[in-house]
Visitor: 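Structure in structure tokens, see below.
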Amino acid sequence: MRAVLLGAPGSGKGTHGKRLSEECQVPLISTGDILRQAIAEETRLGLAAKADVQAGRLVADETVLGLIETRVGRPDAAKGFLLDGFPRTVAQADGLAAIMEAGGGHRLDHVLNLVVAADIVVNRLRDRWLCGQCGAIYNLSSKPPKATGTCDVCGSELAQRADDEPATVRARLEVYERETAPLVSYYATRGILRNVDAAGPADQVYAAIRRVVGPSS
Ligand code: AP5
Ligand code: MG
């Protein structure tokens with residue numbers, strides 16, 4: 001399976017992507033996670049991307065396309081991958097198609113568009129906490145950790161993302177509408193867009209994703 005998770009900030013790309021990638025045994029490739037790790041490690045990429053990520057702006061297309069070309073060329077992605085948060089612009093979508101064509105004549109099977117209203121995602125992001133160690137995603141309303149501030153999976157400390165501060169969330173939503181929402185019609189035109197209602201409880205949303213992807217892919 002070669003698929004994209006498309007959707008606004010807080011729509012559930014990371015939450016459902018983790019589960020789907022484990023069940024389908026393909027790597028989950030999140031450009032947001034790659035950039036945040038680079039920022040934490042203060043690599044050259046991280047230093048260059050830091051200001052944009054923290055302000056909720058998009059990192060330059062060439063930078064992100066370079067990351068993706070390297071990552072999907074690794075052996076674990078030879079049989080498929082699930083992209084989270086990429087592509088985010090028409091230029092990135094065109095670049096991805098070119099990378100996949102050059103890398104074996106592959107095409108995307110599905111673009112799963114997680115559809116949810118802005119007021120819901122603002123509340124979700126306000127309540128999101130993440131494990132800095134294993135990446136597990138929590139939510140104080142819908143998926144609280146068993147012990148406050150501690151990861152159920154690995155026992156590490158939970159933290160909030162710097163870009164989940166409300167003003168930055170608003171900036172991210174504006175960027176999404178302006179730069180990324182055009183990909184809905186881009187992929188609809190190509191016949192691979194699958195809209196998923198992502199407003200309900202997480203298990204219900206995931207079941208809808210599985211209906212699109214199929215039980216065994
Ligand atoms: P990125 O990390 O991709 O962030 P995002 O798109 O803003 O999405 P989020 O990670 O905030 O949300 P999500 O959809 O993963 O939701 P989650 O599952 O966590 O990008 C960050 C930044 O990096 C960008 O702003 C940009 O600067 C840069 N960047 C990244 N990719 C780039 C690219 N391609 N080009 C240029 N720049 C790029 O869920 C959210 C919360 O809701 C959680 O608490 C979860 O538990 C809860 N939740 C999820 N689903 C449900 C549900 N159904 N019901 C109740 N609660 C739910
Ligand atoms: Mg995410």
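Numbering of ligands and ligand atoms starts at 1, following listing order.
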Visitor: Counting only nitrogen or oxygen atoms and a 3.5 angstrom limit, does G7 reach ligand 1?
Guide: no

Visitor: Taking 4.0 angstrom as the limit and counting only heavy atoms of T15, give me the atoms of ligand 1 inside it, by number and element.
Guide: 17 (P), 18 (O), 39 (O), 45 (C), 49 (C)

Visitor: Just to be sure I read this right, does ligand 1 sit under 4.0 Å from the backbone of L35, its side chain, both, or neither, counting only heavy atoms?
Guide: side chain

Visitor: Side chain or backbone of P201 under 4.0 Å from ligand 1, or both, or neither, by non-hydrogen atoms?
Guide: backbone

Visitor: Among protein heavy atoms, which lies nearest atom 27 (O) of ligand 1, and at what distance?
Guide: R57 O, 2.6 Å

Visitor: Where's the contact between S11 and ligand 1, heavy-atom distance under 4.0 Å: side chain, backbone, both or neither?
Guide: both

Visitor: In plain terms, say whether E22 and K18 are close enough for a salt bridge, that is, a side-chain N and a carboxylate O under 4.0 Å apart.
Guide: yes

Visitor: Do G10 and ligand 1 have an N or O pair less than 3.5 Å apart?
Guide: yes

Visitor: Identify which of G17, P87, G12 has a heavy atom lying nearest to atom 16 (O) of ligand 1.
Guide: G12

Visitor: Minimum distance, heavy atoms only, to atom 47 (C) of ligand 1: which one of D61, N139, V59 is it?
Guide: N139

Visitor: Please work out which of V53, D52, T31 has its closest non-hydrogen atom nearest to atom 23 (O) of ligand 1.
Guide: V53

Visitor: Any side-chain donor paired with an acceptor under 3.5 Å for D94 and Y186?
Guide: yes

Visitor: Run the salt-bridge test on D164 and R128 with the 4.0 Å N-O cut-off and return the result as yes or no.
Guide: yes

Visitor: N/O of R124 under 3.5 Å from N/O of ligand 1, yes or no?
Guide: yes

Visitor: Charged N to carboxylate O below 4.0 Å: is that the case for K143 and D152?
Guide: no

Visitor: Ignoring hydrogens, just give me the one of R161, H16, R88, R172 whose non-hydrogen atom is nearest atom 24 (C) of ligand 1.
Guide: R88

Visitor: Quick one about T168 and D163 (side-chain donor to acceptor, distance below 3.5 Å, no hydrogens or angles considered), yes or no?
Guide: no

